[in-house]
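First up is the structure itself, then whatever we jot down about it.
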Amino acid sequence: VVSWNVIIAGYAEHGPGEEALNLFWQMQLESVKPDGVTFISVIKACASLAALEQGKLIHAHIVKTAMESDTSVRNTLVDMY
C-alpha cells in the first residue's frame, strides 16, 4: 500500500489529478486495500478536479471500509463537498 500511496499522493498534489484517480481504481482491480492515506489523496484529487461523482463513489468505499471514523479522512471529505 505504501508504494501506491506515494504515487497517488504525488499525482494528487502535483498533477495530473486524473492519474491519481486512475491509479486508485487500478489498485481496486488488483485487490490492494486502500488505507486512510490513500483515501485522503484521492479525495483531494477529486476536489481539485471538481469530480464530485467520482468523489461520491470513493466516499462509498470509505464507508464500506469503516474509514469514515478517521478524522483526517472526514476533514478531507468536508473539503471535497
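With rounding to the nearest 0.5 angstrom, the NE2 atom of His14 is 15.0 Å from the CD atom of Glu19. Note that CE of Met27 and CD1 of Ile7 are 10.5 Å apart. Values are rounded to the nearest 0.5 Å. Annotation: the span from Met67 atom CE to Ile40 atom CD1 amounts to 7.5 Å, rounded to 0.5 Å. The NZ atom of Lys33 sits 12.5 Å away from atom NE2 of His61, with the distance rounded to the nearest 0.5 Å. Taking CG from Asn5 and CZ from Phe24, the interatomic distance works out to 10.5 Å, rounded to the nearest 0.5 Å. Taken to the nearest 0.5 Å, the OG1 atom of Thr76 stands 8.0 Å off from the CD1 atom of Ile62.
Shortest non-hydrogen contact noted between Cys46 and Leu21 is SG-CD2, 3.5 Å. Looking at every heavy atom in both residues, Ser41 comes nearest to Ile8 through CB-CG2, 3.8 Å. What you find for Glu68 and His59 is that their closest heavy atoms are OE2-NE2, 2.7 Å. The shortest non-hydrogen separation linking Val42 to Ala20 is CG1-O, 4.0 Å. Smallest separation of non-hydrogen atoms from Ile43 and Gly55: CD1-O, 4.1 Å.
No continuous path of hydrophobic side-chain contacts links Val37 to Val32 [ILVMFWY only; heavy atoms under 4.5 Å]. Placement of Leu23 and Val6 in two distinct hydrophobic clusters is found when ILVMFWY residues are connected by side-chain heavy-atom separations under 4.5 Å, directly or transitively.
When side chains are defined from C-beta on, Gln28 counts as touching Pro34, because their heavy atoms get closer than 4.5 Å.
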Quick one: do Phe39 and Thr65 satisfy side-chain contact (heavy atoms from CB on, under 4.5 Å)? Show the steps, please.
CA-CA 11 Å; Phe39 286 125; Thr65 59; 3.5 Å; yes
Given the rule in the side-chain hydrogen bond (donor to acceptor under 3.5 Å, both in side chains) test, do Trp25 and Gln54 qualify, once you have shown the distances and angles that lead to the verdict?
CA-CA 10 Å; Trp25 295 118; Gln54 287 223 38; 2.7 Å; yes
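For the residue pair Thr38/Asp35, the side-chain donor-acceptor check at 3.5 Å is satisfied.
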